[in-house]
Amino acid sequence: MKTYSKVGVCLIVFSVVLIFIFQDTALDSITRFATTGFSDTGSEDSCLSRNQSVLYRKSSPHKPSSYLVSKLRSYEELHKRCGPHTDSYKRSLKQLKSGQIDHNSSDCRYVVWVGLAGLGNRMLSITSAFLYGLLTDRVLLINQEYEMAGLFCEPFPNTSWVLPDDFPFKNKLRRFRQNYDQSFGKMVQSSNFNYSTQLLPSYLYLFLSHDCSRHDQLFFCDQDQALLSKVPWLIMKSNVYFLPSMFLMSSFDQELNKLFPNKETVFHHLGRYLFHPSDRVWGLITKYYQDHLAKAEKRIGIQIRIFHAKTSPFGYVMDQILSCIQKEKLLPEVGTGKFIASPSKNQTSKVVLVTSLFRGYFEKLNKMYGEHPTKAGEVVAVYQPSHSGKQRTWWNSHNVQAWAEIYLLSLSDELVTSAWSTFGYVAQGLRGIRPLILYKIDRTIPDPPCGRGLSMEPCYHAPPIFDCKAKTNVDTGALVPHVRHCEDISWGLKLFNSS
């Protein structure tokens with residue numbers, strides 16, 4: 001009888017899991033692969049989050065287009081055929097090493113991503129590079145340095161997106177600078193770029209960082225894209241979400257409209273497709289969630305990023321946060337009593353997850369709700385997973401913790417994020433909601449202190465400001481209805497629904 005009981009319990013649990021999985025059709029239709037798809041590499045066994053995430057995330061109301069799903073399936077086949085160590089990859093490497101392009105070859109083309117800056121910036125620029133690969137039939141390979149090792153599962157079945165160690169000049173990629181001899185921008189500026197397809201180089205370096213030049217930004221011009229399509233290898237260094245600028249290019253316009261009828265879901269769909277926490281990170285996420293967040297009726301994430309301590313003193317930021325959550329009625333007001341009342345069964349439980357490099361904001365909120373009863377009798381608990389004091393971009397352990405906290409934020413029912421913060425952008429995009437944005441403080445507290453985002457898309461902080469055809473400066477936020485300026489950065493660009 002005991003054996004039958006155990007079998008019955010297992011069947012019930014399995015059925016519940018299946019119900020959760022198939023409820024989330026948006027996530028499932030993009031990320032679900034056949035179980036055998038990972039059997040050869042063992043990736044299925046080493047990526048618990050791929051299947052277990054539906055037990056923690058709420059069902060997404062944002063459904064991907066059938067065209068996007070089909071495009072991703074086609075890309076997986078392309079990556080499997082052209083990925084590291086395949087025959088096609090080896091033939092392409094020979095062209096790279098020789099410097100000679102075989103224009104009659106039908107072999108693969110690549111975009112190699114080289115990152116810099118913090119984890120949020122990297123995830124946003126990887127997503128941008130991946131969309132570029134989708135649009136141009138290029139295979140995305142990432143130059144995974146030590147600080148990013150072991151953060152993500154492999155996103156594509158039966159292959160890898162990690163640039164192999166034996167890639168030519170792999171050890172030099174990080175040292176490539178804007179003035180590198182094979183830089184597209186430098187070659188255009190110095191008129192050394194020969195537009196004859198017979199004389200094109202086998203690779204080009206694209207510098208698409210926040211401080212790239214106007215010549216670097218010719219990458220976003222249709223006429224230059226036509227030429228770049230002939231180059232087998234593009235090595236791209238970026239730390240920004242340059243994706244919105246691709247929506248301004250006429251050559252991509254038709255394809256992008258079919259891929260993303262809902263323009264503010266681009267990162268939501270691509271981010272959920274690409275970024276699955278590794279088992280190492282997933283263990284941190286699930287343990288913290290079960291220990292602190294699981295039993296709450298409502299979870300509120302507050303992400304605090306301080307860029308300049310002198311212009312954003314602690315007291316100002318704390319007052320701004322309290323003003324925002326009270327104005328938006330996210331949390332109940334506290335009474336004047338000195339001791340919190342014992343919780344009763346009919347009380348609502350709210351949990352606040354604070355993410356910040358500093359501990360002071362958590363301590364203030366925790367003391368407020370820990371020592372004083374709320375006027376409505378609700379119980380509010382406040383938690384903060386870490387407080388490292390400063391960003392340590394080159395530390396692997398720091399990035400592991402950052403990724404865990406981004407993911408935990410994305411499990412919130414309501415999000416409050418800091419203006420300009422890519423950390424917050426990633427969390428809101430993965431969650432699929434428009435956050436409350438804490439406007440940037442510059443020696444005075446903004447009025448209002450925060451506002452609801454009009455799009456859940458990330459912001460491109462350093463977009464081009466010129467017209468490719470006219471070769472003159474232009475307001476790129478006024479060219480098409482779905483690419484406009486960001487709520488938190490007046491010169492930035494982001495995607496909105498046209499309506």
Side-chain angles (χ1 to χ4, degrees), residues 13-14 16-24 26-28 30-35 37-39 41-60 118-120 122-124 126-127 142 144 146-162 267-296 299 301 303 351 353 355 383-386 388 395-413 415 423-424 426-432:
V13 171
F14 183 70
V16 170
V17 170
L18 286 179
I19 290 171
F20 272 108
I21 290 174
F22 288 103
Q23 275 182 339
D24 195 349
L27 176 62
D28 179 68
I30 289 184
T31 62
R32 177 168 46 87
F33 305 116
T35 303
F38 289 86
S39 59
T41 61
S43 297
E44 184 74 358
D45 294 334
S46 62
C47 189
L48 296 173
S49 65
R50 191 186 305 279
N51 291 326
Q52 293 181 5
S53 60
V54 293
L55 302 176
Y56 295 85
R57 280 177 170 162
K58 290 190 175 181
S59 178
S60 173
L119 182 62
R122 295 183 185 214
M123 293 175 73
L124 295 179
I126 286 174
T127 306
I142 63 170
Q144 181 175 275
Y146 164 76
E147 67 271 9
M148 286 188 65
L151 296 185
F152 309 112
C153 299
E154 290 283 1
F156 316 123
N158 287 327
T159 185
S160 176
W161 69 340
V162 177
F267 181 78
H268 177 66
H269 291 316
L270 296 184
R272 283 192 171 201
Y273 173 78
L274 288 172
F275 303 117
H276 300 275
S278 67
D279 284 0
R280 175 190 180 191
V281 180
W282 189 241
L284 296 175
I285 292 168
T286 53
K287 185 178 188 308
Y288 198 89
Y289 184 91
Q290 295 295 342
D291 289 348
H292 303 296
L293 309 178
K295 294 180 181 179
R299 286 168 284 274
Q303 180 261 333
V351 167
L353 178 72
T355 64
Y383 299 103
Q384 180 177 357
S386 71
S388 56
W395 289 20
N396 182 262
S397 58
H398 179 87
N399 289 322
V400 165
Q401 185 64 36
W403 177 211
E405 293 186 19
I406 288 173
Y407 200 97
L408 286 168
L409 280 175
S410 78
L411 302 178
S412 301
D413 299 300
L415 264 178
F423 195 102
V426 175
Q428 75 195 37
L430 293 178
R431 174 61 177 86

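Looking at every heavy atom in both residues, Q303 comes nearest to G424 through OE1-CA, 3.5 Å. In terms of heavy atoms, S49 sits closest to P277 at OG-O, 2.7 Å. When all heavy atoms of S410 and L430 are compared, the closest pair comes out as CB-CB, 3.9 Å. Residues G429 and H268 share a closest heavy-atom pair of O-ND1, 2.8 Å. When every heavy atom of G301 is checked against every heavy atom of L409, the shortest pair comes out as CA-CD2, 3.8 Å. When all heavy atoms of R299 and A294 are compared, the pair lying nearest together is NH1-O, 3.7 Å.
For the residue pair S388 / Q401, no side-chain donor-acceptor distance below 3.5 Å is found, with atom types taken as modelled. Remark: the E154 side chain and the S160 side chain contain an N/O donor-acceptor pair separated by less than 3.5 Å.
Under the 4.5 Å side-chain criterion, counting only non-hydrogen atoms from C-beta, D413 is in contact with K58. For the pair R272 and S53, the minimum side-chain heavy-atom distance is 4.5 Å or more. When side chains are defined from C-beta on, I285 does not count as touching Q52, because their heavy atoms never get closer than 4.5 Å. With a 4.5 Å cut-off on side-chain heavy atoms, L48 and T286 do not count as touching.
S412 pairs by the side chain to side chain contact (heavy atoms under 4.5 Å, CB included) definition with L415, not counting sequence neighbours. In this view, Y289 and Y56 satisfy the ring-ring contact (aromatic ring centres under 6.0 Å, His included) rule, not counting sequence neighbours. Applying the side-chain hydrogen bond (donor to acceptor under 3.5 Å, both in side chains) criterion to Q428, with sequence neighbours excluded, gives no partner residue. Y407 is linked by a ring-ring contact (aromatic ring centres under 6.0 Å, His included) to W282, W403, counting only residues two or more places apart in sequence or in another chain. Taking the side chain to side chain contact (heavy atoms under 4.5 Å, CB included) definition, one finds that H292 meets it with Y288, Y383, sequence neighbours left out. With sequence neighbours left out, the salt bridge (Lys or Arg N to Asp or Glu O under 4.0 Å) criterion links R122 to E147.
Of the inter-residue distances, the one linking F152 atom CZ with C47 atom SG reads 11.5 Å to the nearest 0.5 angstrom. Expressed to the nearest 0.5 Å, how far CD1 of I142 lies from CD1 of I126 amounts to 5.0 Å. Expressed to the nearest 0.5 Å, how far CG of L151 lies from CG of L119 amounts to 6.0 Å. The CD atom of Q384 lies 7.5 Å from the OG1 atom of T355; values are rounded to the nearest 0.5 Å.
The main-chain N or O of F267 is never found under 3.5 Å from a side-chain atom of T127 such that the two would form a donor-acceptor pair. Side chain of R280 to backbone of G150: no donor-acceptor contact under 3.5 angstrom is found. Not one N or O on the side chain of N399 forms a donor-acceptor pair closer than 3.5 Å with the backbone of M148.
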Using the rule given for side chain to side chain contact (heavy atoms under 4.5 Å, CB included), can you reason through V426 versus F275, listing the C-alpha separation, both sets of side-chain angles and the distance that settles it, and then say yes or no? CA-CA 10 Å; V426 175; F275 303 117; 6.0 Å; no
